[in-house]
Amino acid sequence: MTTERYNPREAEPKWQNAWAEAKLFETGDDDPRPKYYVLEMFPYPSGRIHIGHTRNYTMGDVVARHKRALGYNVLHPMGWDAFGMPAENAAMQNRVHPGEWTYANIATMREQLKLMGLSIDWSREFATCDVDYYHQQQSLFLDFYEKDLVYRKQSKVNWDPVDMTVLANEQVIDGRGWRSGAPVEQRDLTQWFFRITRFNQDLLESLDELDGWPEKVRTMQRNWIGRSHGLQLRWALDADTAPAGETELEVYTTRPDTIFGASFMAIAADHPLAIKAAQSNPEIAAFCDECKRAGTSLAALETAEKKGIDTGIRVIHPFDSGWTLPVYVANFVLMDYGTGAIFGCPSGDQRDLDFANKYDLPVVPVVMPADADVASFQITEEAYIEDGVMINSRFLDGMTPKQAFDAVASKLETETLDGRPKAERRVQFRLRDWGISRQRYWGCPIPMIHCQDCGVVPVARADLPVKLPENIDFEKPGNPLDRHSSWKHVDCPSCGRPARRETDTMDTFVDSSWYFARFTAPRAADPTVPEAANAWLPVDQYIGGIEHAILHLLYSRFFTRAMREAGHLDLKEPFKGLFTQGMVVHETYRTGNGANAEWHAPSEIRFEERGGRRCAIVAATGEEAEIGSLEKMSKSKKNTIGPEDITQSYGADTARWFMLSDSPPDRDVEWSDRGAEGAHRFVQRVWRIASSVTGKVAAGDTSSAKGDALALRKAVHKALKAVGDDFTRLAFNRAIARVHELVNEMAPLVDKTKDGSPTDRAATHEALSILMQMIAPVMPHLAEECWQALGYDQMIAATPWPTFNADLVVDNSVTLPVQINGKRRGEIVVSKDAERDAVEAIVLETDFVRHHLDGASPKKIIVVPNRIVNIVA
RNA sequence: GCCCCCUUGGCGGAACUGGUAGACGCAAGGGACUUAAAAUCCCUCGGCCUCGGCCGUGCCGGUUCGAGUCCGGCAGGGGGCACCA
């Protein structure tokens, strides 16, 4: 019988239409089956989908299809994280409206995504830039405002003094604006904040219960929230050196035990003391200005060279009125943290030590390892931060740092300075409130109005949504909303007099902090329908990139709590299970260097061997391109492969299978054409086997199967058990390896059984049916085609997951490796769960054990049942 | 700089809670079929050698009857650092 090759170009659209017509993936709210909500982080509509995006949607799709087959009512929606800077950049470069650009991208990307055959409920789709969505978001903002979860305060932004615009951190390159090249300055603006710190203790504690999250993400969040125990400590200023009106300097420290190792104080450039010192000293003023040019990102600050300047101000040591220490302004101290001031103990902190060495400040070791010698213990280049014993610390000597902490705290709590205790124990969090103001057009407008008489007034609910104006221009830098006079000028909702709108829009992280809740009632007139949200949430399995481990996930956890306070839902944690997937990477091809560098798409490259070296040649010009490292697929480096590249040749199933093969899902996968070919060979192999039995086999009684038919059944049921477990654990690569193994084992058996007895043929039919069900979550189109070839009328996408036969998956005997002194020397076959004594007796009789023991009797025999035997000779 | 993670053949990786290192796939080599090619099928495939062994999971050390897995240190690579999404 000749078989046609499987043709995905025909089969894939056919089955996609069939699923859509049957509305198989549209999810109802009133369904008696248990719910399962699977969600992949929604994409930013950057232009075109590439295969890298589709890997995590494929993972989610496998979960969705598997859970659906297991009998769950599955919610698997898709949307667009559609506000953000790239749309404004496009507007500036191509004079296209950000909205037009965004919706055009969405249309393209939706069609590309649909090629992949994902089982998504498209009826729930929305984009965060839809007026309806940001209308609801404005309403949430007002709710939070009423609950005192929103407030305004001064905060720093990166300011480009040439373009007169606020810059994002990524727009600051080496301290300069990306367009103007001008040195960036820090500017204070009054901005809107969400009071995430109200929940800091709860956000921290609840991490313990999120056992469906990777431990590393929980650890990262714990560190980010950063709860610490310390001392708020007040140092008296030396009156002769203090600026007028200043009498003390307050610091927060987690290491009060090192107080006798203190050799200087360091304050932020915008600390009140620094500002006063700068007023009378131009050098200090110049240094403070320099600090303000450093940009606002923490990474930039901390990698910069540590610098400071002596203010001339002196503080008095709390335990010794004759001991004064200098106060420096330092570029590594931030006003946002603690009190904006620290005391430096060089021997116990590397940064303080570097600073002390640079400015010739004393270094007194105060903690040393318990076994070190006081007389000779010195700190020169490397600070000692470990536990140990206190030295050079007067009444603390001999204590542990922990005891010293308590001793210092207890003592200073009872002493006073200007009538107040010198110190107070305090629990501090590193987490800061979330600044959401953005001086940009393409975001959700903040629904507030500024009135000269009434102050800040919320927009009336009835006046929502505050829509973005359409007629805007991007000819000038800065925020078009701020220049748009007819939009900006409104009457005050309170007094009716002329007022102006808030022209800042919200951080796009706000948009993505509640979209998962909106999917549960995407067309509701309120942000949520609480019954629907409570029924569907939490998301059972959330899948996305590790780069979102902290901010997006923490903000979403905050939003869920805040929405609960506002009555929109009733839960704390939005994501029950979290999986962080790796990226799809590809080589890059570049000609030219520096400013002349040009990147080439893989489709423009052909490969040649030159002197045993693999060379990439630009097909059009014959020029050799430099092969770059494996990088995340990106538009700018052109190392992308689009879904249509693959669906036009191998089909979506091949791409899906390939992307989940080999690499574990939480690691990066390299796209390779060879790998895709390999996956396609497997597609054809499955089709060949399925079509070879068409018309020959049918369902029937398999209970009396023997020989090849029994071997077939055993192999299939064992694989079914393993693959089901692997899908549940999201170990897709293992599941695929198991299926490969199974097909290798099945192929020769099927060849014989398909023409055998009725029982043989029934077993063949059963085996192939189960195989198709196992591959269906990953290769849904191929599975439907084969399912039909096996004679089924109902689609496989609507067929329940098979159950394995427990009798077929257990073996009666087991092969035990035998080690002598930890080295494998042979193996024995014993019955399953054989007695320890019996195993020992068998082992000692084997030739290889006798040979290695050479007459001696073993010291010890370790038998791990059904696992291993180790003889200690 | 700080926090988190990763490192196993030519390559991607497997080895579940410490128990046969290299499953499965890719690449490569050999063979069968074919006028030929494609496709398919079969075999080999970590290193070294005296073919019985020895070495081997980034590097150094430790715990253990037994370590890829646990602990300490080091090196290299990646992610995050609050206005990229």
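So that the names make sense, note that chain A is the first sequence line, chain B the second, and so on, each numbered from 1.
Comparing atom distances between the A:Met220 side chain and each of B:G79, B:U40, B:C84 picks out B:G79 as nearest. Among the nucleotides B:C16, B:A85, B:G13, the one closest to any side-chain atom of A:Met85 is B:A85. The nucleotide whose nearest atom lies closest to any side-chain atom of A:Thr219 is, among B:G1, B:C4, B:G25, B:C4. Ranking B:A82, B:C24, B:C4 by closeness to the A:Leu431 side chain, first place goes to B:A82. Side chain of A:Asn169, nearest nucleotide from B:G12, B:A85, B:C83: B:C83. For A:Trp224, counting side-chain heavy atoms from C-beta on, the closest listed nucleotide (B:C81, B:A27, B:G13) is B:C81. Here B:G19 is the nucleotide among B:U7, B:G19, B:A82 with the atom lying nearest to any side-chain atom of A:Arg867. For A:Pro664, the side-chain atoms get nearest to B:A14 when compared with the rest of B:U20, B:G1, B:A14. The A:Asn158 side chain lies nearest to B:C83 when the options are B:U20, B:C83, B:A85. Checking B:G80, B:C83, B:C4 against the side-chain heavy atoms of A:Gln439 singles out B:C83 as nearest.
Only the P atoms considered, B:C26 is 43 Å distant from B:G1, to the nearest whole Å. Taking atom C1' in both B:A27 and B:G61, the straight-line distance is 37 Å, to the nearest Å. Between B:A82 and B:U64, the two P atoms lie 46 Å apart (nearest whole Å). Using atom C1' as the reference point in both B:U57 and B:U8, the two lie 4 Å apart (nearest Å). Going from the P atom of B:C48 to that of B:U40 covers 32 Å, rounded to whole Å. With both ends at atom C1', the span from B:G46 to B:G68 equals 15 Å, rounded to whole Å. The same atom, P, is picked in B:C6 and in B:G10; the two are 23 Å apart, to the nearest Å. Spacing of P atoms, B:A23 relative to B:C43, comes out at 14 Å, to the nearest Å.
Base contact: A:Arg438 has a heavy atom under 4.0 Å from a base atom. Residue contacts for A:Arg685: at a heavy-atom cut-off of 4.0 Å it reaches the sugar-phosphate backbone alone, with no base atom in range. Nucleic acid contact class of A:Lys859 (heavy atoms, under 4.0 Å, all strands): none. Backbone-only contact: A:Ser297 has heavy atoms under 4.0 Å from sugar-phosphate atoms and none from a base. Looking at heavy-atom distances under 4.0 Å, A:Ala549 makes no contact with the nucleic acid at all. Base engagement by A:Val166 is indicated by at least one non-hydrogen atom pair under 4.0 Å involving a base atom. Using a 4.0 Å heavy-atom distance criterion, A:Gln171 is classed as making no nucleic acid contact.
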Side chain to side chain contact (heavy atoms under 4.5 Å, CB included) between A:Trp434 and A:Val510, worked out: CA-CA 10 Å; A:Trp434 172 15; A:Val510 178; 3.7 Å; yes

Applying ring pair (Phe, Tyr, Trp, His ring centres under 6.0 Å), run through A:Phe355 and A:Phe332 and close with a yes or a no. CA-CA 10 Å; A:Phe355 192 82; A:Phe332 58 87; 5.4 Å; yes

I would like to know whether A:Tyr133 and A:Trp514 meet ring pair (Phe, Tyr, Trp, His ring centres under 6.0 Å); could you show each step before the answer? CA-CA 10 Å; A:Tyr133 186 80; A:Trp514 70 286; 4.5 Å; yes

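Taking the six-membered ring for Trp and the full ring otherwise, A:Tyr650 and A:Phe658 have centroids separated by 6.0 Å or more.
A:Glu677 contributes no side-chain N or O that forms a donor-acceptor pair with the base of B:C26 under 3.5 Å. Remark: the A:Gln191 side chain and the B:C83 base include a donor-acceptor N/O pair separated by less than 3.5 Å. Interface remark: the A:Asp662 side chain does form a donor-acceptor pair with the B:G12 base, using a distance-only criterion of under 3.5 Å.
Using cut-offs of 30° and 60° for the angle between ring planes, the A:Phe727 and A:Phe732 rings count as tilted. Between A:Tyr542 and A:Tyr515, the two ring planes are tilted [angle within 30° to 60°]. Taking the six-membered ring where tryptophan is involved, the planes of A:Phe559 and A:Phe194 are perpendicular, since the angle between them exceeds 60° and thus also 30°. Relative orientation of the A:His740 and A:Phe682 rings is tilted, given thresholds of 30° and 60° on the angle between their planes.
Across every strand in view, B:G10 sits in a pair with B:C26 that passes the Watson-Crick or G-U test at under 3.5 angstrom. Across all strands shown, B:U40 forms a Watson-Crick or G-U wobble pair, both distances under 3.5 Å, with B:A32. In this structure, B:C54 forms a base pair with B:G47, meeting either the Watson-Crick or the G-U wobble geometry with both donor-acceptor distances under 3.5 Å. In a base pair of the Watson-Crick type (N1 to N3 plus N6-O4 or O6-N4) or a G-U wobble (N1-O2 and O6-N3), with each distance short of 3.5 Å, B:A82 is matched with no nucleotide. Searching all strands for a Watson-Crick or G-U wobble partner of B:C70 with both distances below 3.5 Å returns B:G62.
In summary, of the residues considered (A:Asp504, A:Thr503, A:Asp482), a side chain to side chain donor-acceptor pair (under 3.5 Å) with A:Gln439 occurs for A:Asp504 alone.
Dashed line: the shortest gap from a side-chain N or O of A:Ser661 to OP1 or OP2 of B:G25 is not under 4.0 Å. In this model, the phosphate group of B:C26 is approached by a side-chain N or O of A:Arg681 to a distance below 4.0 Å at OP1 or OP2. Distances shown here put every side-chain N or O of A:Asn744 at or beyond 4.0 Å from the OP1 or OP2 atom of B:A23.
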Counting primed atoms, P, OP1 and OP2 as sugar-phosphate and everything else as base, the B/S/- map of nucleotides 60-74 of chain B against protein heavy atoms under 4.0 Å is -----BS--------

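One atom, CG of A:Asn866, and another, P of B:G19, lie 14 Å apart when rounded to the nearest Å. One interatomic measurement links the two molecules: CZ of A:Arg667 to P of B:C5, which rounds to 14 Å at whole-angstrom precision. In this structure, OH of A:Tyr44 is placed 13 Å from P of B:C84, rounded to the nearest angstrom. When the P atom of B:C83 is taken as reference, atom CG of A:Leu301 falls 14 Å away, rounded to whole Å. As a whole-Å value, the separation of A:Phe509 CZ from B:C81 C1' is 12 Å. For the pair A:Phe732 CZ and B:G12 C1', the computed distance is 18 Å after rounding to whole Å.
Place A:Asn733 and A:Gly678 on RNA chain B by their nearest nucleotides, and A:Asn733 ends up nearer the 5' end. Both A:His851 and A:Ile436 lie close to RNA chain B; mapped to their nearest nucleotides by heavy-atom distance, the more 5′-ward contact belongs to A:His851.
Counting only N and O atoms by type, the side chains of A:Tyr151 and A:Asp433 include a donor and acceptor under 3.5 Å apart.
Geometrically, A:Arg432 engages A:Tyr337 in a cation-pi contact, judged by NZ or CZ lying under 6.0 Å from the ring centre and within 45° of the ring axis.
The glycosidic torsion of B:G66 lies more than 90° away from 0, which places this base in the anti conformation.
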Ignoring hydrogens and angles, write down the donor-acceptor pairs under 3.5 Å from the side chains of residues 861-873 of chain A, residues two or more places apart or on other chains.
| from | atom 1 | to | atom 2 | distance (Å) |
| --- | --- | --- | --- | --- |
| A:Asn866 | OD1 | A:Asp833 | N | 3.2 |
| A:Asn866 | ND2 | A:Asp833 | OD1 | 2.8 |
| A:Asn870 | OD1 | A:Gly822 | N | 3.1 |

